> 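What follows is a structure written as structure tokens; I'll ask about it next.
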Amino acid sequence: MPALPAAAPAAFPAFPAAAREAVRDATLRANLRHATHTIRDKRARAVAELADWDRLRAAGRAVKDHTLRHLDRYLLQLEAAVTEAGGTVHWAADAAEANRIVTGLVLATGEREVVKVKSMATQETGLNEALEAAGIAAYETDLAELIVQLGHDRPSHILVPAIHRNRGEIRDIFAREMGAWGRPAPDGLDDTPAALAEAARLHLREKFLRAKVAVSGANFMVAETGTMVVLESEGNGRMCLTLPETLISVVGIEKVIPTFRDLEIFLQTLPRSSTAERMNPYTTMWTGTADGDGPGAFHLVLLDNGRTDTLADETGRQALRCIRCSACLNVCPVYERAGGHAYGSVYPGPIGAILSPQLRGTAGEIDASLPYASTLCGACYEVCPVAIDIPEVLVHLRERVVQGGPVTREGIRVRIRPARGHTAERAAMRAARLLLDHPGALRAAERILSRTRRLRPHRLPGGPGRAWTDTRELPEVPAESFRDWWARERAGERAGVRMDARTGDPTGGRGDTR
């Protein structure tokens, strides 16, 4: 199998540098603009069909919040239910342990290849690279993931990992690479969707029929019954989940929900928010093992990898509500222009900007930059089907980056130092706090600014100042502060004189100063 490039975060630049490069790519921007606008318009129409959407959204949030508050109890209940149904549960504290468990399970079968149904958790852990190092070939079977793998690329979107590719590019990738991975692309392949889908179907069919081991993720895990739930649009996932003899599912611990009935909420909100469909095309559920039906061995690997540390943060833990619908990416003006690769994480867009720095910490340059990859416009919060207040968490994480402070790392409460490069910002915040704590000094500063407003520079000095004014103008300083205007206005009212709001001159009457 041709080797895939490693996707270690350290290999990527911080968001500002990566985004600056991405916005220069006209083809990338055109692909992203077309795809995100199409998806979000269809989603808006699908959501508008439900009169009770706001109540479904609130219910989803309530279920996830309740589960996170009692996560220990529900995970133990899940383990007991999966075990009773014939499955085996493994606990992985971090990515390395998860990869070690999965690699050992595959090697124990004697097989040297696996088929995979889309799993962001295994992308997070770098499982494909770990399997390759052990001599095991891992074949992605989701169409978009297949495009990414054949193109020696990285996913750039949660729902549509190859969103940055157009049909012509996909045709070229299939024609060039399929033969090295298995069945080659048909001669004369064109770039129509039907032809590309047929080429992928023929290429994957032989792998489905040959594979004895499959690796999957899960959208939801039901604690009450031990049921795994996978939602997908192509049917490739169902082939992975039913044909192989051994099935290994790697799932983040936050994906558990208490009861089977809770699925009623998410099976309405997830399809509409992700693919803009009323009903998901392929929803596969399995509970343990059954004689003569599906895989004979089922292993569930429960992945922590920073999730319990995130859970300890009262503000940041809401990121764990995420059901991976990608609605926030499709409305984000930053993602639309920069693309997913600029985030240096398997989780791009607004949700990645708050999830990755919590799972990995903010010590690295990439993760320290991600909370700033936003305009704070709030569009992501408005479309989130579980009401994650992403702007609130972004501001919270920006404070952590600049100020440092107490956080939980590997279950231990520690105090982290501020990230590098924010000295000027910290000094400005301290000066602002000092000024705002002393009203007299603030009033004096406002009057000095008003009287010297004609001397206002067009650009600020210093690195951060120059960077800020490279793309925006400094606001004009008003002739008087609001405090002075208010004091003068109130004085005029008490004297029974109406003041002109523009000039401050008396107008000779009472009433509003509009």
Side-chain angles (χ1 to χ4, degrees), residues 56-95 97-98 101 119-122 124-125 216-231 241 247-270 283-289 298-325 347 351 354-355 358-359 384-388 393 408 410-411:
L56 281 170
R57 188 176 186 240
R61 172 181 178 169
V63 168
K64 296 294 279 187
D65 280 349
H66 167 79
T67 309
L68 291 172
R69 284 197 301 271
H70 304 283
L71 189 58
D72 53 347
R73 169 157 59 94
Y74 287 119
L75 286 173
L76 291 175
Q77 184 182 6
L78 173 72
E79 180 184 33
V82 169
T83 303
E84 185 178 357
T88 303
V89 177
H90 309 262
W91 298 82
D94 55 25
E97 186 172 9
I101 291 169
S119 168
M120 297 198 76
T122 62
E124 177 187 329
T125 65
S216 85
N219 293 93
F220 305 101
M221 305 181 291
V222 182
E224 177 184 46
T225 60
T227 302
M228 303 291 115
V229 185
V230 166
L231 281 69
L241 300 168
L247 174 60
I248 305 167
S249 297
V250 183
V251 191
I253 57 176
E254 81 280 14
K255 296 293 188 69
V256 67
I257 57 175
T259 69
F260 201 85
R261 184 172 182 176
D262 293 325
L263 284 172
E264 175 188 358
I265 301 166
F266 302 110
L267 292 182
Q268 295 182 76
T269 56
L270 180 53
T283 301
T284 305
M285 304 184 190
W286 71 97
T287 306
T289 60
F298 169 59
H299 297 270
L300 172 61
V301 181
L302 292 172
L303 176 67
D304 187 326
N305 204 36
R307 285 160 173 80
T308 54
D309 291 343
T310 303
L311 187 62
D313 187 325
E314 292 186 7
T315 301
R317 70 173 61 144
Q318 57 185 299
L320 297 177
R321 288 189 215 138
C322 179
I323 58 175
R324 308 292 192 266
C325 70
Y347 302 111
I351 187 61
I354 65 170
L355 187 58
Q358 294 191 88
L359 295 181
C384 179
V386 286
I388 302 171
V393 183
T408 302
E410 299 181 0

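FYI, the numbering just counts along the sequence from 1. Because the structure is a prediction, the values reported are computed rather than measured. Basis for what follows: all heavy atoms, side chains included, without hydrogens, waters or symmetry-related copies.
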> Counting only heavy atoms not in R73, do more than 12 fall under 6.0 Å of its CZ?
yes
> Would S249 and S216 count as having a side-chain donor-acceptor pair, cut-off 3.5 Å?
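Yes, because at least one side-chain N or O of S249 sits under 3.5 Å from a partner of the opposite role on S216.
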> Does the side chain of E84 reach to within under 4.5 Å of the side chain of T287, using non-hydrogen atoms?
no
> So which atom in I101 and which in W91 form the shortest heavy-atom distance, rounded to 0.1 Å?
CD1-O, 3.8 Å
> From I248 CD1 over to H90 NE2, what is the distance, rounded to the nearest 0.5 angstrom?
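Going from CD1 on I248 over to NE2 on H90, the span is 7.5 Å.
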> Side chains of L263 and T227: does their closest heavy-atom pair fall under 4.5 Å?
no
> Whether the side chain of T83 engages the backbone of A80 through a donor-acceptor N/O pair (distance < 3.5 Å, no angle test) should be reported.
no
> How about L270 and P385: do any of their side-chain heavy atoms sit closer than 4.5 Å?
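No, their side chains stay 4.5 Å or more apart.
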> Does L56 offer a backbone N or O that forms a donor-acceptor pair with the side chain of Q268 under 3.5 Å?
no
> Where the side chain of R324 meets the backbone of N219, is there a donor-acceptor pair that is under 3.5 Å apart?
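Side chain of R324 to backbone of N219, a donor-acceptor pair under 3.5 Å: no, none is there.
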> So do the side chains of V230 and W286 get within less than 4.5 Å of each other, counting heavy atoms only?
yes
> Using a 3.5 Å distance criterion without hydrogens, assess whether the side chain of D309 forms a donor-acceptor pair with backbone atoms of G411.
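Here the side-chain-to-backbone pair exists.
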> Are D262 and T259 linked by a side-chain donor-acceptor pair shorter than 3.5 Å?
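Yes - a donor-acceptor pair under 3.5 Å links their side chains.
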> I'd like to check V393 versus D313 (side-chain heavy atoms, cut-off strictly below 4.5 Å). Are they in contact?
no
> What closest approach, in Å, do C322 and I351 show between heavy atoms, and which atom pair accounts for it?
SG-CG1, 3.7 Å
> Search all heavy atoms of I354 against all heavy atoms of A319 and return the closest pair with its distance.
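Closest heavy-atom pair between I354 and A319: CD1-CB, 3.7 Å.
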> Any non-hydrogen side-chain atom of M228 less than 4.5 Å from a side-chain atom of L241?
no
> What distance do L359 atom CG and D94 atom CG have between them, rounded to the nearest 0.5 Å?
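Here the interatomic distance stands at 12.5 Å.
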> Rounded to the nearest 0.5 Å, how far apart are CG of L231 and CZ of F220?
6.5 Å
> Nearest 0.5 Å, what's the CZ-CZ distance between R69 and R317?
9.0 Å
> If the plane angle is over 60° it's perpendicular, under 30° parallel, otherwise tilted; pick one for H66 and H70.
tilted
> I need the minimum non-hydrogen distance between I265 and A59, along with the two atoms involved.
CD1-CB, 3.8 Å
> Between R307 and E124, does any side-chain N to carboxylate O distance fall below 4.0 Å?
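Judged by the 4.0 Å cut-off on N to carboxylate O distance, R307 and E124 do form a salt bridge.
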> Find the distance between CD1 (I323) and CD1 (I257) and round it off to the nearest 0.5 Å.
10.0 Å
> To check you understand the geometry: which heavy-atom pair defines the closest contact between P258 and V63, and what is its length?
CD-CG1, 4.0 Å
> Check the pair M285, V222 against side-chain contact (heavy atoms from CB on, under 4.5 Å), reporting the backbone distance first and the verdict last.
CA-CA 10 Å; M285 304 184 190; V222 182; over 6 Å; no
> In Å and rounded to the nearest 0.5 Å, what is the CD1 to CG distance from I253 to L320?
8.0 Å
> Decide yes or no for D65 and R321: does some side-chain heavy atom of the first lie under 4.5 Å from some side-chain heavy atom of the second?
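With C-beta onward as the side chain, the pair touches.
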> Identify the two heavy atoms, one from T310 and one from G316, that lie closest to each other, and give their separation to 0.1 Å.
CG2-O, 3.9 Å
> Determine whether a donor-acceptor pair (N or O, by modelled atom type, separation under 3.5 Å) exists between the side chain of K255 and the backbone of A218.
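Such a contact is found between K255 side chain and A218 backbone.
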